[in-house]
Colleague: 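Below is the structure I would like to discuss, written out as structure tokens.
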There are 2 protein chains.
Amino acid sequence: MTRKSPPKRITIHDVASDAGVSFSAVSKVLRDAYGVSDALRARVNESIAKLGYTPNTAARGMRGKTHVIGVIFPDMRNPYFADVLSGISAALERTTYQMVQGIVQHSTEAALVQSMMNMQLDGLIIVGSISTSEELSGVAARLPLVVDGHHLPNATSFDTVNNDDAESGRIAVRHLVEQGYRKIAMLSLETHNGSVIERREAGYEEAMRAAGLGRHIEIARAPQSLRDIQVVTQSLIEKRVEAIFCWTDYVALEAMSVAGSLGLSIPRDVAIVGHDNTMYCGFEQNSLTSLDQSGEQSGLQAARLLIERIEGRQKAEHFLIHPRLVARRSSAAPA
Amino acid sequence: MTRKSPPKRITIHDVASDAGVSFSAVSKVLRDAYGVSDALRARVNESIAKLGYTPNTAARGMRGKTHVIGVIFPDMRNPYFADVLSGISAALERTTYQMVQGIVQHSTEAALVQSMMNMQLDGLIIVGSISTSEELSGVAARLPLVVDGHHLPNATSFDTVNNDDAESGRIAVRHLVEQGYRKIAMLSLETHNGSVIERREAGYEEAMRAAGLGRHIEIARAPQSLRDIQVVTQSLIEKRVEAIFCWTDYVALEAMSVAGSLGLSIPRDVAIVGHDNTMYCGFEQNSLTSLDQSGEQSGLQAARLLIERIEGRQKAEHFLIHPRLVARRSSAAPA
DNA sequence: TGTTGTCCGTACAACGTTGTACAAAATTGT
DNA sequence: ACAATTTTGTACAACGTTGTACGGACAACA
């Protein structure tokens, strides 16, 4: 409709002249600073509502806080992250903080962090970081930081939230052993700069040894590509493993697919356990046993910690979530 | 490690004094404006690299462009959006533009748009918008806008990218008819403010009539919740439909799950077709026939249009993508 | 009535850029 | 050698906030 009209932005000055006060007074109301009468406050708020004023984040960034936090996700394909996001949203609901996301797709985590710092965001939650402890400390020196999904319990300058991943590995193995499986392999991730997968592997090995199955320990690693996962799964199957514990659900679903293509039946020929208990696990055709690390809870805690930190906390906190097994048909006892 | 050191931000002034020039000169280099000698440019660029300077986006937002665009997604659960994001990333790769995402979870689309405007972003791509044409025109009056997944071919103030959704509906029906199915139902979405689902329904109806199956037209609508989808699917099955065309893949997978739970086999008892051809379709246990609307292509075009618009194009463009059927076992001809 | 505080509201200097206006220097033409 | 022109670099006023400094009004106390 409108060709190229000049849609003037409503500023604090417009509000001030509408309310008949100085622009500084409006600023005071916005920051609810000391030294404004109730009458003035009411008048200003009325004008704000009437004009539909919203503060300019860019201008705020030049001076104090922007009231915006950034959340960085490693990818958008894994529906687990949607749960984390829900948790963060829920925690932000009753606060004045807004949120923007950055998703590591083509760009790098470091570039995204830089970009968000340049926007002067008030704090950052990095989910599934692949950065080193040093890099993260560098970030934390410049703005409040919470890392979700990277075990760094000795970090002093930022907080972390994590699933007890060693426990995940142990639970998976114990469950499969109880169900009667012995030759239990793990299908892991090839390159993992985070410490999450290491711990799952460690938990897996520990439980295998504890069950007297040390000789059956077998960890196969594949990169994230579906093709590679197929190849590695196939080689595990050829080795006649009885069960496969996969580092995340979609890998488990792919493993299931490979087994199916080879004419094998699950769990009779091979049992499968996944991780994250994403929505696809519950579908009848998958019926995938999985470890639930409650992404929602994870996000909630991360946001809570970040806000505390923005508001002044200095001492680091490290929150651990206890995983819970959700058993389904894919790991039922063989008949 | 560091307690509360003052990590001074490196500004244009620091670069200027390092290079021994005025700060305005540095700004000129950054904007590559007219009137800088190659010598000065080189010197400045050297200092920039040496100091690791990056421009402050907030400050840029106060004056010209931020070189950041915003992308708004309706949710993070549907892996289709990951493809769209890939396309956008790819298009931005060789440009100077950065990107941040906003995901409509607890907050509203309008709130996210407002928030991104307040950050003074250079442009916006809204994917799967539920806003009205008027609301979108309002946004477009204030900044360059591209809408992906909302048919508004008469919009003059913003661009759109869409799948030919009527064609999707027609293709799905024609395919099922060819395979020998007659009682073909559609499982649609209950509340759809976008025009995408309407068109799919229209295409479905049109093709049904064209095939002389008008009397078998049956559109069932369910909200996004899994529980509701189950109930609606079950009622379709009780009506003994032979095939179900679902508006998106995860609904199709859920329908498949319901059928399986009822002891039915696919496609013998009921055929299923999904939409978006997401990664889960290819898994053997699903083997779901689906319509591919190439999210990657969609994102690529949206980003291209946005950049053109940021750089001055006024005339609206509307890009249409042609869907392609990927046939799998879920719609094979009954034996 | 003068003095001392409180309270409320205003003035104004940042913040780090962009882009316009202008001065100085270098180059060209005569 | 001197004016005219072009090229190169600098100065500075925005942009919309925050937060500190300050002034004026009014009440309380002597």
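Computed from heavy atoms alone, side chains included, the values below leave out hydrogens, waters and symmetry copies. Just so it is clear: chains get the letters A, B, ... in the order the sequence lines come, proteins before strands, and each one is counted from 1. Keep in mind the model is a prediction, meaning the values are calculated, not measured.
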Colleague: Could you state the atom-to-atom distance from CD of Gln120(B) to P of dC15(C) in whole Å?
Modeller: 21 Å
Colleague: Taking only Lys NZ, Arg NE, NH1 and NH2, and the carboxylate oxygens of Asp or Glu, determine whether Asp159(A) and Arg313(A) approach each other closer than 4.0 Å.
Modeller: yes
Colleague: In this structure, which one of Thr54(B), Thr57(B), Asn56(B) forms a side-chain hydrogen bond (donor to acceptor under 3.5 Å, both in side chains) with Asn118(A)?
Modeller: Thr54(B)
Colleague: Check whether any side-chain nitrogen or oxygen of Arg60(A) sits under 4.0 Å from OP1 or OP2 of dT18(D), and answer yes or no.
Modeller: yes
Colleague: Decide yes or no for Ser27(A) and Ile12(A): does some side-chain heavy atom of the first lie under 4.5 Å from some side-chain heavy atom of the second?
Modeller: yes
Colleague: Rounding to an integer number of Å, can you tell me how far Lys65(A) NZ sits from dG16(D) C1'?
Modeller: 18 Å
Colleague: To the nearest angstrom, how far is Ile10(B) atom CD1 from dC15(C) atom P?
Modeller: 16 Å
Colleague: Could you state the CD1-P distance from Ile12(A) to dA14(D), rounded to the nearest angstrom?
Modeller: 19 Å
Colleague: Find the distance Met62(B):CE to dG19(C):C1' and express it as a whole number of Å.
Modeller: 15 Å
Colleague: Going by atom types alone, do Ser129(A) and Glu109(A) pair a side-chain donor with an acceptor below 3.5 Å?
Modeller: yes
Colleague: Which residue, Leu305(A), Leu306(A), Ile310(A), forms the side-chain contact (heavy atoms from CB on, under 4.5 Å) with Glu308(A)?
Modeller: Leu305(A)
Colleague: The side chain of Lys8(A) lies closest to which of these nucleotides: dG9(C), dG9(D), dG16(D)?
Modeller: dG16(D)
Colleague: Output yes when a side-chain donor or acceptor of Asn162(A) lies under 3.5 Å from a complementary backbone atom of Leu320(A), and no otherwise.
Modeller: no
Colleague: Output the single nucleotide from dG16(D), dT17(D), dT10(C) whose closest atom is nearest the side chain of Val21(A).
Modeller: dT10(C)
Colleague: Whole angstroms only, please: what is the CG-P distance between Asn56(A) and dG16(C)?
Modeller: 16 Å
Colleague: Does any residue of residues 24-35 of chain A have a heavy atom under 4.0 Å from DNA chain C, and if so, which ones, in number order?
Modeller: Ser24(A), Ala25(A), Lys28(A), Tyr34(A), Gly35(A)
Colleague: Is it the case that Gln105(B) and Ser89(A) place a side-chain donor and acceptor less than 3.5 Å from each other?
Modeller: no
Colleague: Please report, rounded to the nearest Å, how far the P atom of dT17(D) is from the CZ atom of Phe23(A).
Modeller: 10 Å
Colleague: Which comes earlier along DNA chain D counting from the 5' end, the contact point of Gly20(B) or that of Ala59(B), where each point is its nearest nucleotide?
Modeller: Gly20(B)
Colleague: Without decimals, in angstroms, what is the distance between Arg63(B) CZ and dG16(D) C1'?
Modeller: 12 Å
